[in-house]
Each structure stands twice: as structure tokens, then as C-alpha cells.
Amino acid sequence: MSYKQRIAERAARTVSTGMTINLGIGLPTLIPCYLDQEVQLLIHSENGVLGAGKAATQENAHPMQIDAGGGYITVNKGASFFDSATSFAIVRGGRLDIAFLGALEVSEKGDLANWIIPGKFAPGIGGGMELAQKARKLIVVTSHCTKKGQSKLIPECTLPVTAKKCVDMIITELAVFEIKNDELFLLEIARESSLDEITEKTAARFRIRGKEIPEF
Amino acid sequence: MLPLNADNKMNKLTSYTEAISLIKSEQSIMVGGFGNPGTPMTLIEGLLKSGVRNLTIIKNEANEPGIGISRLVEKGIVRKLIISHLGLNSRVIEMMNNKQVEIEFHPQGILAEKIRSGGAGLLGIITDIGVDTIIADTRKVVDFYGQKAILEKSIRADVALIHAAAADTLGNLCYTKTAFNFNPLMAQAADLVIAETFEVLEPGGIDPDHVHTPCVFVDHVVHVENNPRLYGVLAHHVL
């Protein structure tokens, strides 16, 4: 199992029946593959669909039916289509129980940076700011470190932020963290990892509740 | 075949050539679509061949290299893009970096609201989206009853190019699946609204309950062929 699959598998366990969720582009789109068969939820996509289903195949792809990343999708019974103003009324109006987004940096107080590296990477804003600022719960799913091996969890963001104090939970291939009242808590450790490794690879300050840290 | 009569408000069915001839250089043009669905590909083809230039295009994204409005940008006839993101278009990102096209980014739902409010005859909207970010540096930040907020100006355009699933000859429109996106918002926010569609019906052909854009907003309806080269499934987006 790749590190991305490992993260998606853990992230899938944060979702329960009845929720409305949004999946950011990239790693978050792997989450539905790991959902329990019995979990019934509504997947929102920014381009104007609630009730998105599995990815479409060559046989059933419809040219007018995609998700926000451009992939052709199926829709589940009870799905609806709507315009972009309605789509973002769902987002900004607080109707999303969880949004899953990737990250370039997360600060220990829950600031998220994921939209721009000035001078290097500026593909635009998309729905990210609104999702980060307004989802009822924001879960960041990301590799623990950058490709250069630097911690993505840091005391203060160095990049321009997407939104401040917006992240509620961070799931990496090594650990699960929670941010409560501007403080970062280590909740779970991957069975392949250790507290020593997490301490070494996490630049942000974090606390631990209790003595035993559960594995995932 | 239904009769063409562009000057008759009770019959807005217009020829492709005549509709395209109404669009001029230097104009601001809203273009519906989010990815391929809802992008008026045939009207864009017309613009490409019409010789217009120095356009300002307002759209959610710039499609993908070689597709939709990307072709207008690549041809160098777009001066400025007012847009939400370019995530799927490395070619336009490169042109932005080389300063070959000016880009103005907005959060996606804020872009939608700027257009919606423009169409609704409002001057702007008040939002807290982005107040703690660098986008606030280039926007009007105000104290709104004790809360930090951004005043976002409404957007209207000279022209809106719309793709509808079906239209009647009065100009009533309906949309399908994820091809709604910005189309109904833009159809209300421009001085000249041209809608392309695969299916033109007589008045009454769309059930009044299912009209998404009332005909009063629409100036011209253009019947286009569902050409698989322009509107087909993009193989690289199927798993």
C-alpha cells in the first residue's frame, strides 16, 4: 500500500453515514475507495453536483458529467445538479460536514497554506479558500514531509495562507493530529512509525494526551 | 427548420455567422463552462476565426491546452483573463508567467457571486472569504459592523457566451448535469447574450417548470451540431 493509500484509508474512517463531504483534487479523491460499504453519504463537487458516485468508465462516461478535477463521474440515486452560486452556497453556508484538502504547509495553530508558492507555483485559488474557511470540519490529508524531507507541520506558515486557523485534523502517513484551541495534539501513530520518528520529522510543537498513543 | 429572424424578440433563433459577427475586438466576454461541460465550444470556434482581438475573457478556468478558451489565449487574442484557477492548463500558466496574458484570480464561489450580483443589478457583495490572506492586499477591506470584510465589485460583461442543453425560439434555456456551472449566472450578467444549443424547440417545448434561464435575459439562440471532436468525452479523464 502506497503512502497515499495509507492516508486515504485512515481518512475514510473519519466519515460516517449522513455526512456531506467535499474531496479536494489529488489525494482526497482516493478516500471513497476505502469507505465502508455501509456508509451512506453525499459527496459534493464544486462544479455543481451533490451525490457524486464512483468514477465513470469508458462505457458509462457522459461528456457533460464530471467532477471538479475534470474526471468523469457517475452519480448516485438522489443526486442533484446546480449552478456555481448554489454550489458555493453549500460551501460558504456551512453545509459541508467535512472538506478534505491537501497542504503545502500547516501551522501548529491550524493555518493552511496550499495555493501559492510565489514565483514558482500559482495555478490560482479555485474553491480552496472557501472550503478551508467555511467547511464545518477541515481535514488535511498530506505527506508528512516535503519531497526534500522538510516537515509540512511547522510553527508558522512561511507561504501565503489559504485561510487562518481553519485546520481541525491532519492525517499523514505517519500520524494523526488534531488542532483544538490553537494547540496541536498527536492522536495516533502509524503502526510503521514511532513517537521518535514523528518527533524528529515534525517541526511544529505538539502535545500528547494520556500515556498510550493509539496506532492506526 | 424553424425560420431565422434575429431582430424579432419573439424569435431569437440566429445564424451562427450572424451571431459571431456581433462580437467585437476589445470587448469583455463571459464564457460559461467548468471544464468541458457547459463550455460553448462552437461559439468559441467562431471567435477564433472571426479576427477579433484584445479580448477580456471571464470564465471559471481556461479549459485545457488546445481546448475551448485555451485556444483563444494561445492564439494571443486574449488580453486579460478574469478567472478562478488554471490548475489544468500548464500552457496558459506559462503564458501568464511570460506576461503574455494578464490574469486576475478570484475564489471560485466569489467569482460566481460577483457575476450573479452583476446580473442581479447589484453593485457588489460583502464577504469574509480571503480576509486573512494576500488577496485582501489588492481588494477593498472594510469594517462591516465590527467584522473585517472585503467589498467585491460586481462583474458585468459586453457579451456572454452560453451553452444550453436546450433552448426554445423565445430564448428560454435549460441546462443539464454538470453543464449548469456558470452558465445561468453569466446569462443574466451581459449586455449581449448568445446561447448555443444542440436542441432548438418551439415555444412551449421546454416545460415552464424546467426553464432555468427565462428568455428575457437571452438575445440570440444558435443551433449547433453535437460534434464529438468538440463535445466528446476526453479519454485522458476516464479512469
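Note that the structure is predicted; figures quoted are calculated from it, not measured. Residue numbers start from 1 in every chain, and the chains themselves are labelled A, B, ... in the order their sequence lines are given, proteins ahead of strands.
Proximity to chain B involves both the backbone and the side chain of A/Q65, based on heavy atoms less than 4.5 angstrom apart. Interface residue B/L88: only side-chain heavy atoms are found under 4.5 Å from chain A. Residue B/H236 does not touch chain A at all, counting heavy-atom pairs closer than 4.5 Å. Neither the backbone nor the side chain of A/V91 comes within contact range of chain B; no heavy atoms are under 4.5 Å apart. In this structure, chain A has heavy atoms under 4.5 Å from both the backbone and the side chain of B/P107.
Your options are B/L234, B/I93, B/N183, and the one with the most heavy-atom pairs under 4.5 Å with chain A is B/L234. Top candidate by heavy-atom pairs under 4.5 Å with chain A, chosen from B/I129, B/L239, B/I134, B/T176, is B/I129.
Residues A/Y72 and B/V233 are in side-chain contact: their nearest non-hydrogen atoms beyond the backbone lie under 4.5 Å apart. Side-chain atoms of B/Q108 and A/F88, non-hydrogen and from C-beta on, do get closer than 4.5 Å to each other. Counting heavy atoms from C-beta on, the side chains of B/H163 and A/M64 come closer than 4.5 Å. Under the 4.5 Å side-chain criterion, counting only non-hydrogen atoms from C-beta, A/W115 is in contact with B/I135.
A salt bridge between B/D128 and A/K134 is present, with a side-chain N of the basic residue lying under 4.0 Å from a carboxylate O of the acidic one.
For B/T178 (side chain) and A/I66 (main-chain N/O), a donor-acceptor pair under 3.5 Å exists by modelled atom type. A donor-acceptor pair under 3.5 Å is formed between the side chain of A/E130 and the backbone N or O of B/G109.
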